Amino acid sequence: VHKREVADVDHTFASLQTECWRHDWWHKDIDQHAVNYARRKGRVQIEARAHEILRQNIGKEPDAWDGRQTPKEGNIIYYAQHATATCCRKCVEYWHAIPQDRTLSEDELGYLTALVMKYIDLRMPDLAEQGIPVPSIRKGNKAK
Ligand SMILES: [Zn+2]
């Protein structure tokens, strides 16, 4: 796990799935809001957004909020972050051997984004490169 080669990511993914809590994130249903959002954006924009979210939420040195900055639904990127241990700096340190006490490098952000996208490719293999129109969920259908 500690080599950080995207080519070797199958092994990393297999290891991640052995952790009980994380295992769940590989198999649970993706909520409809998150699925719609991903389809509306398309893979290209989702990748750009994933990079942004990672930079904003885990790019800097962690504060007291670390471990709670990644929501549990509403965006497939969040599911991917929990599944690939890119949700907070504690997980990034534990699973990817990147120390907590500094800003992430571009290489590291690129690597972690690649993990997130690999998860999304596995969970939504038919996600189009470009976004498509998807009607919003009607009120009363537990949107948000
Ligand atoms: Zn975490």
Side-chain angles (χ1 to χ4, degrees), residues 1-132 134 136-137 139 141-144:
V1 174
H2 290 172
K3 271 178 57 201
R4 293 211 293 279
E5 301 277 338
V6 176
D8 191 38
V9 88
D10 290 342
H11 172 73
T12 305
F13 277 20
S15 304
L16 283 164
Q17 290 184 57
T18 61
E19 192 185 43
C20 189
W21 183 79
R22 217 167 290 284
H23 182 267
D24 197 36
W25 291 96
W26 289 87
H27 303 283
K28 72 183 339 183
D29 290 338
I30 312 283
D31 69 89
Q32 195 60 45
H33 187 86
V35 168
N36 288 357
Y37 173 82
R39 294 205 188 290
R40 226 174 264 135
K41 291 284 173 193
R43 194 183 180 283
V44 172
Q45 278 192 62
I46 287 288
E47 181 163 21
R49 186 70 189 123
H51 199 265
E52 245 172 61
I53 287 179
L54 290 176
R55 183 194 303 281
Q56 276 166 13
N57 292 355
I58 63 167
K60 298 245 165 63
E61 279 180 50
D63 55 21
W65 184 247
D66 193 57
R68 281 168 287 180
Q69 67 268 63
T70 302
K72 294 196 162 52
E73 60 181 4
N75 191 328
I76 194 167
I77 296 167
Y78 303 148
Y79 289 77
Q81 286 184 264
H82 294 297
T84 60
T86 57
C87 42
C88 67
R89 291 300 293 269
K90 288 181 199 72
C91 294
V92 167
E93 179 173 70
Y94 182 80
W95 282 97
H96 306 294
I98 299 173
Q100 288 185 43
D101 57 354
R102 59 170 174 77
T103 302
L104 294 180
S105 71
E106 282 308 310
D107 272 4
E108 288 160 349
L109 275 172
Y111 169 74
L112 299 176
T113 304
L115 295 186
V116 163
M117 292 315 293
K118 184 129 173 138
Y119 170 92
I120 292 173
D121 289 340
L122 286 167
R123 296 305 309 272
M124 292 187 73
D126 57 347
L127 181 63
E129 287 295 309
Q130 303 302 327
I132 53 168
V134 179
S136 24
I137 303 169
K139 276 199 187 125
N141 269 356
K142 76 157 187 162
K144 293 195 191 95

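Just so you know, these numbers come straight off a predicted model, no measurement behind them. One-based numbering, in listed order, for ligands and for the atoms of each.
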ask   = Can you list every pair that meets salt bridge (Lys or Arg N to Asp or Glu O under 4.0 Å) and has a residue in residues 77-87, with sequence neighbours left out?
value =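 Counting only pairs at least two positions apart or across chains, no salt bridge (Lys or Arg N to Asp or Glu O under 4.0 Å) contact touches residues 77-87.
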query = What pairs meet the salt bridge (Lys or Arg N to Asp or Glu O under 4.0 Å) rule with one or both residues in residues 49-58, with sequence neighbours excluded?
reply =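 Non-adjacent pairs meeting salt bridge (Lys or Arg N to Asp or Glu O under 4.0 Å): Arg49-Glu52, Arg55-Glu106.
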query = Do any N or O atoms from the side chain of Asp66 and from the backbone of Arg89 form a donor-acceptor pair under 3.5 angstrom?
reply =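 Present.
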ask   = Can you tell me if Glu108 uses its side chain to pair, donor with acceptor, with the backbone of Ser105 under 3.5 Å?
value =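 Confirmed, Glu108 side chain pairs with Ser105 backbone.
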ask   = More than 12 heavy atoms of other residues, nucleotides or ligands under 6.0 Å from CG of Asp63: is that the case?
value =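 Yes, the 6.0 Å shell around CG holds more than 12 heavy atoms from other groups.
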Please report, to 0.1 Å, the donor-acceptor pairs under 3.5 Å made by any side chain of residues 123-131, with sequence neighbours excluded.
from: Arg123; atom 1: NH1; to: Trp25; atom 2: O; distance (Å): 3.4
from: Arg123; atom 1: NH1; to: Trp26; atom 2: O; distance (Å): 3.1
from: Arg123; atom 1: NH1; to: Lys28; atom 2: O; distance (Å): 3.2
from: Arg123; atom 1: NH1; to: Tyr119; atom 2: OH; distance (Å): 3.1
from: Arg123; atom 1: NH2; to: Lys28; atom 2: O; distance (Å): 2.7

key: Contacts of the Zn ion (ligand 1) with protein N/O/S atoms, counting only those under 2.8 Å   =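 As for protein N, O or S atoms lying under 2.8 Å from the Zn ion (ligand 1), they are Cys87 SG, Cys88 SG, Cys91 SG.
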